[in-house]
Amino acid sequence: MKFLNDLNSVQQEAVKAANGPVMIIAGAGSGKTRVLTYRIAYLMACGVPAHQILALTFTNKAAREMKNRIVKLVGDDAGNLWMGTFHSMFARILRKECLHLKFTPAFTIYDADDSLSTIKKVMEKLNLPTQQFNPAAVRARISFAKNQYLSPGKYAETAHELIDEKVALVYAEYQKTLERSNAMDFDDLLVKPIELFEKKKDILEKYQHRFKFILVDEFQDTNRAQYHMVRLLAQSLKNIAVVGDDAQSIYSFRGADIRNILDFQKDYPGCQLFRLEQNYRSTKSIISVADELIRFNKEQLKKKLWTDNPAGEPVTVVQCADDREEGNQIVRAIQQESHRRKLDLKDFAVLYRTNAQSRALEEAFRKNAIPYEIIGGTRFYERKEIKDVLAYLRLLANPTDEVSLLRVVNYPARGIGDVTLEHLRRFAAEHSISMFDALKRLNEVIELTDRAKNSLVQFKTIIEKYQALRPQMTFSEWARSLVDELGILSIYKEERTAESMGRWENVQELLSAISEFSSDKPDGTLESFLEEVALVSDIDTWEGEHNAVTLMTLHASKGLEFPVVMIAGLEEGLLPFYSGTSESSDVEEERRLFYVGITRAEQKLYITHTSLRYRFGDVTYPGESRFLHELGSEHIERVGMKPQRQREAASLLDFEKPAAEEKRSAQRKRAEESAYQQDAMPDYESESQEQFEVKRGVKVQHEIFGRGLVMVVSGKGDAQKAVVQFENYGTKNLIVKYARLRPA
DNA sequence: ACGGCCTGACTTTTT
DNA sequence: GTCAGGCCGT
Ligand SMILES: Nc1ncnc2c1ncn2[C@@H]1O[C@H](COP(=O)(O)OP(=O)(O)OP(=O)(O)O)[C@@H](O)[C@H]1O
């Protein structure tokens, strides 16, 4: 086992501690993923068969890369490892075992979109006004509950507020609807296996016995349901190894719970703890900047991190005039650095907080003819035209899937409208059958007009035809023939707009993807294709093979590394992000997100921020992110516009400027300052009574909501909006003109 | 039943 | 700046 020489001594110990519970907590770039990889290789080299090892990763891509690495270390048997995301591994188990749960193996996996439309229907049925209860918020709460393994019953017990009582009702009815549709949403892929394991001990034992060794990567971002599931599976043998870094926990919005790390030692007595302290990825400068930053978090486990790597160059902080210039500066820096360091474009990554920021950056890359690739945003399989075709495929696999049926029953247009569908739905409900089965008994649905009946028969005929054709053709021929017969391609072709041509191409691309799938996996079924499609993320399909700069969110960058990294948009409101709708903005998590971004860089890091940014189509004047003041100064160099203090001095000297303009910028400056130091400093608004202006950082009084602090201002004139955080009423989004704010 | 047009809400982050 | 959903006219 000479491959162990690729590891340092602590890493080796962690690899060789094969039996019993093990937790590895370590900072960025210290080789956590490498240890996990080698641990699996080690187990296999010791004679453990691959199929007895369950390794859970955060993305499919991470699983793929790890598997390839292990194949290189110990050979092809690694192909039999159970390695993938929680969702894909447990989907696989559910396909086998779902008959115990009132589902058939052809069950459909609903994405967030499908589940939202199901929730809307449920709310309609329960007479819950969507104006009062936002369906997206209801969906989020249900999803959150599931990720904590809270059943509808338990959820109802803990509900105190009105909205939670309503959510509990929707939740219960939603689950019934899914069951009727033979469908599971993303979260069910975690919840249902737990239900199964708790209900059927013999099945649990089967899997406890099968998975003799369990490993979890990125443990800091697992949720309670996942924790629970792992615990069930590891209960008897306790061969469980988890690796993580609490400082990189960035998915709490998805239910990730840091308790998983804190409870682990308690729940697994005799757990061996390993700490890795040497960073192999980054320069000393980058490590020390990251360390300065993360120290500002109060809640964290203490960790050391050092490196033998060279000191490297300081981190460059670039101030830009606006978001377009930010893009140009980034492009220019990439051109210079690639030349100077002899790097390829694929060695660069640009990271940002929100997908919306990619637009302005993209423009700069296009203008300068620099190849780039954007990861994330709307996934290919979420595009409307793709979802339409997929809905046919899903309906053919699982005719009880109501969301898919409703999506395509009148697409392409067949003259089937709401009224017709309402009749059909009522009939189906009365007879406790699916809508698709109701199609077979149209003559009993008396309310239907002949025209409607004809259209419905037409629809039923094509579905039945392709159900019958399925065993006679290859999957890809069959899919192409279906799409041809539906005439979807010709509709887009005839429309002849830029948009429709794009859609035409996308549908073609889907068909190629199907061909590729069936040539890669000759025994791949329709169901397995649909499952793969439901569970891939954008980052999974990214190979990093073409030579282009990668643009992605900070979240998507987790676990990756690049020689040069640029992080854009270091502004209050953007990073840390705050929005008017989410009450709990967690600055510490935002800081961790920035920390993740910084620690992706190997040689050189750039950080940019702007003084003017377009958001929601409006101009905003963001202030510098507080995080920029938390990086120390030793390893930082600032370039770009002059620092604020000097700029203000300059503008005061500049008496050509209209007086009003001058005052505005001075006031803006002060507002920004007070926003940073609001805790440290009492406010010193004095003469602002007469010329009161709603600005960031200003304290205001509202007739109903009382005292509050202005967080963000956007737009101007009558359209000016402000996000105000009130002392007793939470955060509100107000239109300044109507809000009648007074200074407080 | 359907298409066109307008309005408003919204975008954190994703398996 | 986009997109979905509602409204209206045909
Ligand atoms: N013992 C070692 N010798 C040489 N290089 C190493 C060693 N351990 C890890 N590395 C390298 O350090 C880099 C970071 O390793 P890895 O991705 O496993 O760290 P990590 O702890 O998972 O990082 P993060 O948490 O930041 O994603 C990789 O390029 C890896 O190849």
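The chains referred to below are lettered A, B, ... by the order of the sequence lines, with proteins before strands, and numbering in each begins at 1. What you are looking at is a predicted structure, and each value in this text was computed from that prediction instead of being measured.
Each of A:Tyr251 and A:Ala136 was matched to the nucleotide of DNA chain B holding its nearest heavy atom; the match closer to the 5' end belongs to A:Ala136. Each of A:Ala356 and A:Leu535 was assigned the nucleotide of DNA chain B with the nearest heavy atom; the assignment lying further toward the 5' end belongs to A:Ala356.
Between A:Phe186 and A:His87, the angle of the ring planes goes over 60°, which puts this pair in the perpendicular group of the 30/60° scheme.
Between A:Val243 and A:Leu215, the closest side-chain pair of non-hydrogen atoms is not below 4.5 Å.
Look at A:Thr59 and you won't find any side-chain N or O under 4.0 angstrom from OP1 or OP2 of B:dT15. For A:Ser88 and B:dT15, the shortest distance from a side-chain N or O to OP1 or OP2 is not below 4.0 Å. Considering only side-chain N and O atoms, A:Asn355 lies under 4.0 angstrom from the phosphate OP1 or OP2 of B:dT14. A:Lys384 has no side-chain polar atom (N or O) that falls below the 4.0 Å cut-off from OP1 or OP2 of C:dC3. An OP1 or OP2 oxygen of B:dA1 is reached within less than 4.0 angstrom by no side-chain nitrogen or oxygen of A:Asn410.
Between A:Arg139 atom CZ and B:dT14 atom P the separation is 13 Å, expressed in whole Å. Protein atom CD1 of A:Ile250 is 8 Å distant from nucleotide atom C1' of B:dT13, rounded to whole Å. The nearest whole Å value for the distance from the CZ atom in A:Arg414 to the P atom in B:dG3 is 14 Å. Remark: C1' of C:dC3 and CG of A:Leu116 are 14 Å apart, rounded to the nearest angstrom. The distance from atom CG of A:Asp114 to atom P of B:dT14 is 18 Å, rounded to the nearest whole Å. The CG-C1' distance, from A:Leu351 to B:dT13, rounds to 13 Å in whole Å. Rounded to whole angstrom, the span from the CG atom of A:Asp187 across to the P atom of B:dT14 amounts to 16 Å. When the C1' atom of B:dT13 is taken as reference, atom CD of A:Glu218 falls 15 Å away, rounded to whole Å.
The cationic group of A:Arg224 lies under 6.0 Å from the six-membered ring centre of A:Tyr227 and within 45° of the ring axis, placing it in a cation-pi geometry. Geometric assessment of A:Arg592 against the ring of A:Tyr595 yields a negative cation-pi assignment under the 6.0 Å and 45° thresholds.
Closest contact between the side chain of A:Arg451 and the listed nucleotides B:dT14, B:dA1, B:dT11 involves B:dA1. Distances from the side chain of A:Lys120 to the nucleotides B:dT11, C:dG5, B:dT14 place C:dG5 closest. Listed candidates were B:dA1, B:dT15, B:dT13. Nearest to the side chain of A:Phe186 is B:dT15. Of the candidate nucleotides C:dG1, B:dT14, B:dT11, C:dG1 has the atom nearest to the side chain of A:Arg359.
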Subject >> CA sep, side-chain torsions, deciding dist, call: A:Glu65, A:Lys61, salt bridge (charged side-chain N to carboxylate O under 4.0 Å, His left out) >> reply: CA-CA 6 Å; A:Glu65 285 179 351; A:Lys61 175 174 184 282; 2.9 Å; yes
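In this structure, A:Val419 reaches the sugar-phosphate backbone alone: every heavy-atom distance under 4.0 Å involves primed, P, OP1 or OP2 atoms, never a base. Within the nucleic acid shown, A:Ile416 comes within 4.0 Å of sugar-phosphate atoms alone, with no base atom in reach, counting heavy atoms only.
For CZ of A:Arg324, the number of neighbouring non-hydrogen atoms (other residues, nucleotides, ligands) closer than 6.0 Å is 12 at most.
Stacking of A:Phe253 onto the six-membered ring of B:dT13 is present: less than 5.5 angstrom between centres, less than 30° between planes.
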